[in-house]
Amino acid sequence: DKAARGVAISLSKPIAAIQLQQNENGIGAKLGSIARLGPGSTLVLCGEGFDERTVKVCVNDLFYFVFAQDVDSATVVKG
């Protein structure tokens with residue numbers, strides 16, 4: 001299981017992700033737009049998702065929720 005915090009993975013295929021955006025008051029976050037993270041992107045696992053099928057990742061200082069099954073098929077680059 002790759003859902004450990006701090007594990008870096010590299011994508012071999014594109015995946016869908018939901019960006020997290022900071023609330024206007026600076027406290028907490030809200031769901032933003034759906035993005036496509038491309039092959040070769042490095043994701044750092046950083047927390048639990050909004051349900052049991054998702055995980056929180058960081059890519060280039062931005063946070064996203066992605067499906068855990070997409071992470072399971074990725075290659076660990078640091079962990």
Side-chain angles (χ1 to χ4, degrees):
D1 183 64
K2 295 178 187 160
R5 290 176 190 245
V7 172
I9 58 171
S10 179
L11 297 178
S12 60
K13 63 180 183 175
I15 66 170
I18 302 172
Q19 187 175 1
L20 290 169
Q21 298 175 334
Q22 191 170 27
N23 285 325
E24 289 79 22
N25 63 5
I27 300 171
K30 62 183 177 181
L31 297 179
S33 58
I34 296 175
R36 178 183 171 274
L37 302 177
S41 296
T42 298
L43 288 62
V44 177
L45 302 175
C46 60
E48 296 179 3
F50 58 84
D51 66 16
E52 67 279 351
R53 298 182 314 159
T54 60
V55 293
K56 185 178 176 184
V57 299
C58 182
V59 181
N60 298 326
D61 297 324
L62 297 174
F63 292 95
Y64 298 89
F65 286 128
V66 298
F67 288 106
Q69 69 186 26
D70 293 334
V71 169
D72 288 340
S73 64
T75 303
V76 174
V77 293
K78 183 186 118 195

Residues pairing under ring pair (Phe, Tyr, Trp, His ring centres under 6.0 Å) where one sits in residues 29-51, two or more places apart or in two chains, turn out to be F50-F65

How would you list all residue pairs meeting ring pair (Phe, Tyr, Trp, His ring centres under 6.0 Å) that involve residues 21-46, not counting sequence neighbours?
none

Identify, with sequence neighbours excluded, every residue that meets salt bridge (Lys or Arg N to Asp or Glu O under 4.0 Å) alongside K13.
none

Restricting to side chain to side chain contact (heavy atoms under 4.5 Å, CB included), what partner residues turn up for N23, sequence neighbours left out?
N25, K30

Residues in side chain to side chain contact (heavy atoms under 4.5 Å, CB included) contact with D51, at least two apart in sequence or another chain:
R53, T54

Anything under 3.5 Å between a donor and an acceptor, one on a side chain of residues 32-48, the other on a protein residue two or more places apart or in another chain? List them.
residue, atom, partner, partner atom, Å
S41, OG, G38, N, 3.4
S41, OG, G38, O, 2.7

Please test Y64 against I18 for side-chain contact (heavy atoms from CB on, under 4.5 Å), starting from the C-alpha separation and ending with a verdict.
CA-CA 5 Å; Y64 298 89; I18 302 172; over 6 Å; no

Examine I9 and L62 and state if one hydrophobic cluster contains both, with Ile, Leu, Val, Met, Phe, Trp and Tyr joined whenever side-chain heavy atoms are less than 4.5 Å apart.
yes

Could you tell me whether the side chain of F63 reaches within less than 4.5 Å of the side chain of Q19, counting heavy atoms only?
no

Close side-chain approach of L20 and K56, heavy atoms under 4.5 Å:
yes

